[in-house]
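Below is one structure; the comments refer to it alone.
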Amino acid sequence: MAARGLSGGLPLFSFKGIKVLLHWTFLLLPAWIIGSGLVSGEPWSEVLAQTGLVLIVFVCVVMHEFGHALTARRYGIRTRDITLLPIGGVASLERMPEDPRQEFWITIAGPLVNLVIAALSFTAIALTGISLFFSDVLLGATSWTNVLMFVFTANLSLFLFNLLPAFPMDGGRILRSVLSMRMSRERATRIAAQVGRLFAVGFVIGGVFLGAPFMAFIGVFVFLAAGAEARSVRQKALLEGITVGQVMRTRFWAMPSTARVQEAVDELLAGGDSTLLVMEGDHLRGLLTREELLAAVAEGKSDLLLNGLPLRQPQLVAPEASAHQSYQRMVLEGHPILPVVSHDRVVGIMELENLAEYLQVMQARSGRR
Ligand SMILES: [Zn+2]
């Protein structure tokens with residue numbers, strides 16, 4: 001799967017500058033196998049063999065994710081990391097391409113890796129001249145042929161499973177990219193997300209009836225993720241062609257750098273903002289957050305001048321800049337606000353919270369139409 005967001009976990013290794021992280025929930029999987037094996041009194045060798053098979057699957061999952069990440073790199077899109085979860089891997093791309101053709105190739109590259117591994121293991125089995133048999137592949141992994149058989153079936157399943165059009169699984173993204181070649185990205189996403197939700201409900205019902213909790217779990221995940229993706233694309237469509245100047249707040253909290261910390265705290269208590277712009281005349285010297293001000297008071301610096309504190313040097317944005325690109329920058333780089341500067345003067349601030357309200361208003365208006 002290729003997605004934005006989600007990070008954190010135990011770093012395993014790096015390849016071509018991409019970190020591979022193990023999310024802590026992944027440890028539940030071997031723990032569950034070992035635990036249930038011990039409870040049912042299986043021999044250690046059997047438990048180890050099963051754990052080994054799970055590890056093989058996850059090596060294939062990592063290669064699948066590198067399929068996405070290295071294809072994205074060809075289009076100049078970096079991957080922050082690859083995280084392994086018990087339900088599979090996630091390659092966190094810094095952004096998703098807008099070009100449907102690029103999205104198509106980045107997405108299909110993952111499942112294609114599994115198809116290639118399946119083809120290679122099939123060839124290896126065929127070359128060793130042993131006939132194929134599918135029974136007890138999972139349980140009887142004692143010989144190399146059986147391991148090869150397992151690699152073959154696992155990768156064929158990974159290939160087919162990922163191609164299910166359950167957005168945001170790979171198949172759903174492929175569906176969206178193919179639809180986007182014929183209609184707007186927003187409409188394509190809406191259709192793909194609806195198909196994804198349908199599959200998700202199917203997974204949950206199937207998981208409950210077949211007694212497969214993982215399947216139901218994936219269903220819930222797909223359902224939530226499909227909604228989130230549809231929302232983010234809708235936000236982008238709403239912000240299309242809108243500039244920072246149109247969404248910025250023109251009323252903001254600013255004080256001269258020669259004011260004392262105590263004065264700033266007094267204003268904060270009287271109804272200040274989350275961030276203070278520290279000014280030198282018309283020039284912006286830097287930013288102080290509410291937390292930083294309160295911390296300064298706690299450290300007994302109330303009598304200090306504001307320019308005596310370490311000020312944050314903010315990223316600036318021009319009023320003519322694209323609202324959506326600035327929004328993405330704020331989310332990705334973690335800026336709660338961006339001062340808007342025109343001709344060296346601060347004319348407003350772009351704030352995530354304020355932008356969310358703006359989007360709600362826009363959405364309410366377009367919903368009524
Ligand atoms: Zn994938």
Side-chain angles (χ1 to χ4, degrees), residues 1-7 15-16 18 20 57-58 60-85 87-119 154-200 203 218-219 221-234 236-237 328 332:
M1 199 180 299
R4 289 201 293 124
L6 188 110
S7 277
F15 178 68
K16 301 221 177 205
I18 301 165
V20 176
V57 171
F58 271 85
C60 298
V61 168
V62 170
M63 289 169 77
H64 168 120
E65 299 308 331
F66 271 105
H68 292 309
L70 296 180
T71 312
R73 208 163 84 140
R74 292 194 47 160
Y75 295 120
I77 298 171
R78 278 178 303 170
T79 301
R80 268 171 298 165
D81 50 55
I82 289 170
T83 305
L84 291 178
L85 296 162
I87 57 165
V90 177
S92 299
L93 306 189
E94 68 175 358
R95 66 187 167 86
M96 269 295 168
E98 296 281 307
D99 182 348
R101 258 162 263 270
Q102 295 187 358
E103 183 177 40
F104 176 83
W105 286 113
I106 291 173
T107 312
I108 207 162
L112 283 183
V113 168
N114 296 117
L115 191 65
V116 168
I117 301 175
N155 278 282
L156 198 62
S157 323
L158 278 172
F159 172 70
L160 294 173
F161 179 71
N162 276 292
L163 285 186
L164 288 176
F167 196 77
M169 280 168 52
D170 293 340
R173 277 191 197 285
I174 291 168
L175 174 66
R176 193 256 299 266
S177 63
V178 171
L179 290 174
S180 304
M181 293 175 198
R182 283 163 189 77
M183 57 182 82
S184 78
R185 189 173 151 90
E186 191 200 353
R187 178 137 177 259
T189 306
R190 212 162 46 224
I191 295 173
Q194 269 158 4
V195 175
R197 286 201 189 107
L198 215 67
F199 267 91
F203 282 170
I218 289 175
F221 167 77
V222 166
F223 194 89
L224 296 177
E229 182 87 18
R231 235 186 342 271
S232 110
V233 171
R234 181 147 175 72
K236 164 148 204 319
Q328 276 193 319
L332 283 179

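Any value given below was found using the heavy atoms of this structure, including those in side chains, with hydrogens, waters and symmetry copies removed.
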Could you check whether any side-chain heavy atom of P97 comes within less than 4.5 Å of a side-chain heavy atom of I106, counting everything from C-beta outward?
yes
In terms of heavy-atom contacts, I18 and A69 come closest through CD1-CB, 3.7 Å
So CG of L93 and CG of D81: to nearest 0.5 Å the spacing works out to 10.0 Å
Is I191 close to M183 at the side-chain level, that is, under 4.5 Å between some pair of heavy atoms?
yes
Between M181 and P100, what is the shortest heavy-atom contact and its length?
CG-CB, 3.9 Å
Test item: L158 and H64 side chains (from C-beta on) under 4.5 Å apart, heavy atoms
no
I need the minimum non-hydrogen distance between G219 and F203, along with the two atoms involved.
CA-CB, 3.6 Å
Do the non-hydrogen side-chain atoms of V90 and E65 ever get within less than 4.5 Å of each other?
no
Of all the heavy-atom pairs spanning A118 and L156, show the shortest one and how long it is.
CB-N, 4.0 Å
Tell me yes or no: between the side chains of S180 and R185, is some donor less than 3.5 Å from an acceptor?
no
Nearest heavy-atom pair of N162 and M169: which atoms, and what distance?
CA-CE, 4.2 Å
Apply salt bridge (Lys or Arg N to Asp or Glu O under 4.0 Å) to R101 and list each qualifying residue two or more places apart in sequence or on a separate chain.
none
Going by the angle between their ring planes, with limits at 30° and 60°, are F15 and F66 parallel, tilted or perpendicular?
perpendicular
Residues two or more places apart in sequence or in another chain: which of them pass salt bridge (Lys or Arg N to Asp or Glu O under 4.0 Å) with R190?
E186
Rounded to the nearest 0.5 Å, what separates atom CZ in R197 from atom CG in L224?
9.5 Å
Correct closest heavy-atom pair for H68 and T107 would be CE1-O, 2.9 Å
Between F159 and L163, is any pair of side-chain heavy atoms under 4.5 Å apart?
yes
Can you tell me if R74 uses its side chain to pair, donor with acceptor, with the backbone of L70 under 3.5 Å?
no
